[in-house]
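Before any comments, here is the structure.
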Amino acid sequence: MIKNHRVLITSALPYINGIKHLGNLVGSMLTADVFARFQRARGRETLFVGATDEHGSTTELAALEAGQDVVTFCAEQHAAQADVCRRFGISWDHFGRSSNRPNRELTQHFARALWRNGHLELRTTQQVYSNADKRFLSDRYVIGTCPHCGYANARGDQCENCTRVLDPADLIGPRSAISGSSDLEVRPSTHLFLKQSQFVPQLREWIAGKTDWPVLVTSIANKWLDEGLHDRGITRDVEWGVPVPDDIGDGKLKGKVFYVWFDAPIEYIGATWEWAEANNRGDEWKRWWFGAAASDVTYFQFMGKDNIPFHTVGFPVTLMGSHEPWKLVDQLKGFNYINYFGGKFSTSQHRGVFMDTALEILPADYWRYYLIANAPEGSDSNFTWDHFAAVVNKDLADVLGNFVNRITKFCVSRFDGRVPGEGTYGPQERALIAELQQRVQTYTEHFEALEFRKAAAELRAIWVGGNEYLTRTAPWTTIKTDRERAAAAVRLGLNLVHTFAHLSWPIIPTAARTIHETIQPVTGNAAVIPWPSLDMAEELDQLEAGQSIQAADVLFAKITDEQIAEWTERFGGSE
RNA sequence: GGCAGCGUAGCUCAGUGGUAGAGCAGGGGAAUCAUAAUCCCUUGGUCGGGGGUUCAAAUCCCUCCGCUGCUACCA
């Protein structure tokens, strides 16, 4: 475990084009959020930033399709994503935009540094130009008949039918995917290429030092290095992007912008700058990213596996090539995908469950718990409504919710709704305290190790411990013959409820607050429910005798078979 | 095609050389504080197939099968 450090957390930037689905959520934003909450709860100085990734031809065309100009389109989409993230409890310190000024300045800064250091070169490539659309077309926007299989709507980068990789020039009868026009020509265009091949030894050494990274991450990174890094074009002939400044490329790049994958990760830094500006913190963003001032920062990145190459190779090359002391990632947590009834979640086909529609059905905490407890860490996982309902009903409603309910209601009916002060803790209480001492330690270690499934399983085991204890001590029985014994059990039970709120907060923040408030108001920083003391004997004996508590309402309503049927129908699924 | 990952109980998954595990589901029981919620006990697997290394293999090697991802202009 790393001590006395600041924690910088970024989640892969959600692309501007539409509300994300549950697979995107768990693979980046949600797990990053849970980790950020854990770190804040532990009292560490934490900065968690995110942003929308906005540039590129895909955005231009999505705006076109929506009948909006690209600036308006992005502003609306950003607001929509910020809102749904807020409602999901994603606790960014700042949620920025890659189209904002800080990212533009930083992107141009890095490009200038790379140019000055000789890591960029000009190359002229042949690009398809559409006269009708008055723009260059990226390969995927040229469609035509596949020369290999005869598929009529093959894309210029790859035929979806026979999966062969194509060049737009191979297509028979090529036309624009935008307008359908076949008035195409091939024009030369000059672009900046980043000479990534120069960085292979440096990257290899860097990756080799990351012995604690998941195999999923290092194997993908090493594969790219083993195959030899190709130099990479970092500019594009589109309009929506960070403009290439005139002092780069001998003035041959007028009107061109940087490729979205060049500027997007730089927005991690840009969003931190935005955060500093929004909070009147001046240059404080540099303290998280630059030089000796950031030497006590441990930097964690969260992303789906498709993003790993850009974070293990592309972005590090940008930072290394600047020859400036920028912070590189320390811990990279990559996730697999969640499948929806065995198929993929699909944004384009709107298949599966999306963040906004999920919240129409159930509160965020139901989803947060389920997704963390089933995070696709080892391999792709499957979402089904039956499984979702089984987990929510058993773990949240029965094990946690009902525990809070039974002990608080018993206290209200038999002890006047006040923490009883009679009786003393005996062997059963000491046994429970010893068990939780170990479990909380384990739970904490799982979070430190970024093992989300295991953390959730341990948390659940802690909740179960509460039920086991109540069954063993049975205060509803002992109260008939030994009121003091029952009182001690109720007192410990109420202390458990309080501690459960603290332990559960990173995963289910809203419910944790509700649970806490059945016992007493949350004090201190209202935005955080802190991690409990790791001394369970002290932790579980801290409520004041005589303080009043509330009987809990139903915390988690159970999902019914009717609802499962309705949602399966609404979202499609069982096929 | 190439590369990588995965394949363990009905389901979701731990387990990387030393007696096959957890949760859920299924079966039996206890209890009656509680959202019919809980707790205890329990059934269940030739660890994808085959071959090899080893005193010992779910674990290491080879091979086959199946699923998934990546393959550089989707992001």
Side-chain angles (χ1 to χ4, degrees), chain A residues 12-17 24 53 55-59 125 127-128 136-142 155-158 163-165 167-168 196 215-216 219-220 222-224 226-233 236-237 259-261 264 304-310 313-314 336-337 339 342 344 347-348 373-374 376-384 386-387 390-391 393-414 451 453-454 456-457 460-461 464 466-477 479 486 489-490 493 551-558:
Chain A
L13 304 186
Y15 196 60
I16 190 68
N17 189 9
N24 299 132
D53 170 19
H55 292 136
S57 56
T58 307
T59 307
T125 58
Q127 303 282 317
V128 176
F136 283 96
L137 300 177
S138 57
D139 292 356
R140 65 187 295 244
Y141 289 115
V142 182
R155 295 194 330 209
D157 55 342
Q158 184 176 32
T163 74
R164 289 203 210 212
V165 175
D167 186 281
Q196 293 191 125
V215 177
L216 178 73
S219 69
I220 289 174
N222 282 319
K223 195 207 88 177
W224 279 51
D226 291 344
E227 291 182 359
L229 277 186
H230 294 209
D231 295 341
R232 186 177 186 84
R236 291 290 184 276
D237 289 298
Y259 178 38
V260 61
W261 261 112
K305 59 184 169 183
D306 51 340
N307 270 296
I308 290 172
F310 301 99
V313 176
N336 292 283
Y337 297 143
N339 292 319
K344 287 184 206 173
T347 304
S348 57
N374 295 282
E377 290 176 311
S379 60
D380 293 354
S381 68
N382 287 300
F383 177 91
T384 66
D386 283 339
H387 188 234
V391 168
N393 288 351
K394 187 68 184 174
D395 295 0
L396 291 182
D398 297 347
V399 174
L400 174 62
N402 184 57
F403 173 78
V404 175
N405 222 285
R406 63 196 297 212
I407 187 64
T408 54
K409 283 194 172 170
F410 187 72
C411 175
V412 166
S413 65
R414 309 308 287 274
E451 294 273 10
R453 288 181 90 112
K454 290 180 181 174
R460 193 198 119 93
V464 167
N467 282 311
E468 290 172 349
Y469 169 79
L470 278 193
T471 300
R472 278 199 303 272
T473 52
W476 48 88
T477 302
I479 195 169
V490 169
D553 288 328
V554 170
L555 286 161
F556 301 96
K558 292 224 218 186

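These values consider heavy atoms only, across backbone and side chains, with no hydrogens, waters or symmetry-generated copies. Just so we're on the same page: letters track the sequence lines, and every chain starts at 1.
Scanning for side-chain contact (heavy atoms from CB on, under 4.5 Å) contacts around A:Thr125 gives A:Gln127, A:His191, A:Phe193, with sequence neighbours left out.
Put simply, the side chain of A:Asn374 never gets that close to the backbone of A:Arg453: no donor and acceptor are under 3.5 Å apart.
Within the 4.0 angstrom heavy-atom criterion, no nucleotide atom of any strand lies near A:Glu451. Counting any heavy atom pair closer than 4.0 Å across all strands shown, A:Asp53 reaches sugar-phosphate atoms only and no base atom. In this structure, A:Arg453 reaches the sugar-phosphate backbone alone: every heavy-atom distance under 4.0 Å involves primed, P, OP1 or OP2 atoms, never a base.
Spacing between atom CD of A:Gln196 and atom C1' of B:C73 amounts to 14 Å, rounded to whole angstrom units. A straight line from CG of A:Leu137 to P of B:C73 spans 16 Å, rounded to a whole angstrom. A:Arg236 places its CZ atom 13 Å from the P atom of B:A72, with the value rounded to the nearest Å. Rounded to an integer number of Å, the gap from A:Arg472 CZ to B:C39 P is 11 Å. The interatomic distance linking A:Phe136 (CZ) with B:C73 (P) rounds to 17 Å, in whole Å. Rounding to whole angstrom units, CZ of residue A:Arg460 and C1' of B:C24 are separated by 8 Å. B:G21 atom C1' lies 13 Å from atom NZ of A:Lys454, rounded to whole Å. As a whole-Å value, the separation of A:Asn374 CG from B:G23 C1' is 10 Å.
In this structure, B:C55 and B:G18 make a Watson-Crick or G-U wobble pair, each of the two defining distances being under 3.5 angstrom. Nucleotide B:C6 is matched to B:G66 when pairs are restricted to Watson-Crick or G-U wobble geometry with both distances under 3.5 angstrom. Taking a pair to require two hydrogen-bonding distances under 3.5 Å in either a Watson-Crick or a G-U wobble arrangement, B:C47 remains unpaired. Pair assignment for B:U71 gives B:G1, based on Watson-Crick or G-U wobble hydrogen-bonding distances that are each under 3.5 Å.
The same atom, C1', is picked in B:G48 and in B:C65; the two are 8 Å apart, to the nearest Å. Rounded to whole Å, the separation between the P atoms of B:U12 and B:G17 comes to 27 Å. For the P atom pair drawn from B:A72 and B:U63, the interatomic distance equals 26 Å after rounding to whole Å. Comparing the same atom, P, in B:G23 and in B:C64 gives a spacing of 39 Å after rounding to whole Å.
Classification of the A:Trp476-A:Phe410 ring pair by plane angle, with boundaries at 30° and 60°, yields perpendicular.
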Indicate for each nucleotide in nucleotides 33-38 of chain B, in 5' to 3' sequence, whether protein heavy atoms under 4.0 Å reach the base (B), only the sugar-phosphate (S), or nothing (-). BBB-SS
If you restrict it to nitrogen or oxygen atoms, what contacts under 3.5 Å exist between nucleotides 6-9 of chain B and the protein, and what is each distance?
none

